[in-house]
Amino acid sequence: MNYTREELVQSEATMNQLRNAVYHLERFMKLNDVKDIKTKLRRMGKNIAQTYIKYWKPIDSANLTNIKDILATLYKNILNSGVSVELDKLENSIIVKDSNCALCKYHFDDINEAGCEIIIAMMAEIISIINQDSNPTPEFSIEPFEVSESRSLGNKTCIHHYKYNIGGN
């Protein structure tokens, strides 16, 4: 069957094939001495976001007041993952804990970069696009900072850190 992108966004397809493909791709890149795999995974996430947002946008603008709900909605609707989201206003950071990360089901000894590098870049780019659509000079933005823990690297959960900026700070 051939599906349109809009139909795929509406589907509840499993992530098994994508998860497996990401780790085979990482192994292939390592085998071919590709440098900075994390940057390439994040670029994939940004590219996915730029396509995905054309077919579904959960809200018209994101800010510090609603970012926790928006991220929880994005993770749930896109990745079928219930997450906890915390704000650290002293560090201008957002911490997302995901016990059921769609791209990190198994621990792999030969993997050095978590597949969820794709996810943190995708989520940050979706927020960026949402805010740019509502205001050419958005006052709130987030950027991927780090994946501090990943199930694919042997941890019990995946923990995604984002940095946020308010008013160009």
Hey, quick one: are [X] and [Y] part of the same hydrophobic cluster, counting side-chain heavy atoms closer than 4.5 Å, chains of contacts allowed?
X: Val83; Y: Tyr52; value: yes
X: Leu103; Y: Leu79; value: yes
X: Tyr164; Y: Phe145; value: no
X: Tyr75; Y: Val85; value: yes

Side chain to side chain contact (heavy atoms under 4.5 Å, CB included), that's the test. Do Phe140 and Ile67 meet it? Break it down for me. CA-CA 10 Å; Phe140 177 81; Ile67 191 63; 3.9 Å; yes
Sub-4.5 Å side-chain heavy-atom contact between [X] and [Y]:
X: Leu25; Y: Lys40; result: no
X: Lys89; Y: Leu64; result: yes
X: Ile119; Y: Cys101; result: yes
X: Asn131; Y: Ser141; result: no
X: Cys104; Y: Tyr23; result: yes
X: Arg27; Y: Ile111; result: yes
X: Glu139; Y: Asn63; result: no

Run Ser93 and His161 through side chain to side chain donor-acceptor pair (under 3.5 Å) and show every step you take. CA-CA 7 Å; Ser93 68; His161 291 263; 5.3 Å; no
Go through Ile126 and Ile78 one step at a time and tell me if the side chain to side chain contact (heavy atoms under 4.5 Å, CB included) criterion holds. CA-CA 11 Å; Ile126 287 173; Ile78 297 173; 3.7 Å; yes
Residues, nucleotides or ligands: over 12 heavy atoms within 6.0 Å of Lys163 NZ: yes
Heavy-atom count check: over 12 atoms from other residues, nucleotides or ligands less than 6.0 Å from Lys30 NZ? yes
Between Asp133 and Lys57, is there a side-chain N and carboxylate O pair less than 4.0 Å apart? yes
Euclidean distance, Glu149 CD relative to Lys156 NZ, rounded to 0.5 Å: 10.5 Å
Quick one, Asn165 with Glu143, criterion side chain to side chain contact (heavy atoms under 4.5 Å, CB included). Give me CA distance, side-chain angles, the key distance, then yes/no. CA-CA 8 Å; Asn165 297 303; Glu143 58 190 59; 3.6 Å; yes
Go through Glu26 and Leu41 one step at a time and tell me if the side chain to side chain contact (heavy atoms under 4.5 Å, CB included) criterion holds. CA-CA 9 Å; Glu26 186 172 335; Leu41 293 174; 4.2 Å; yes
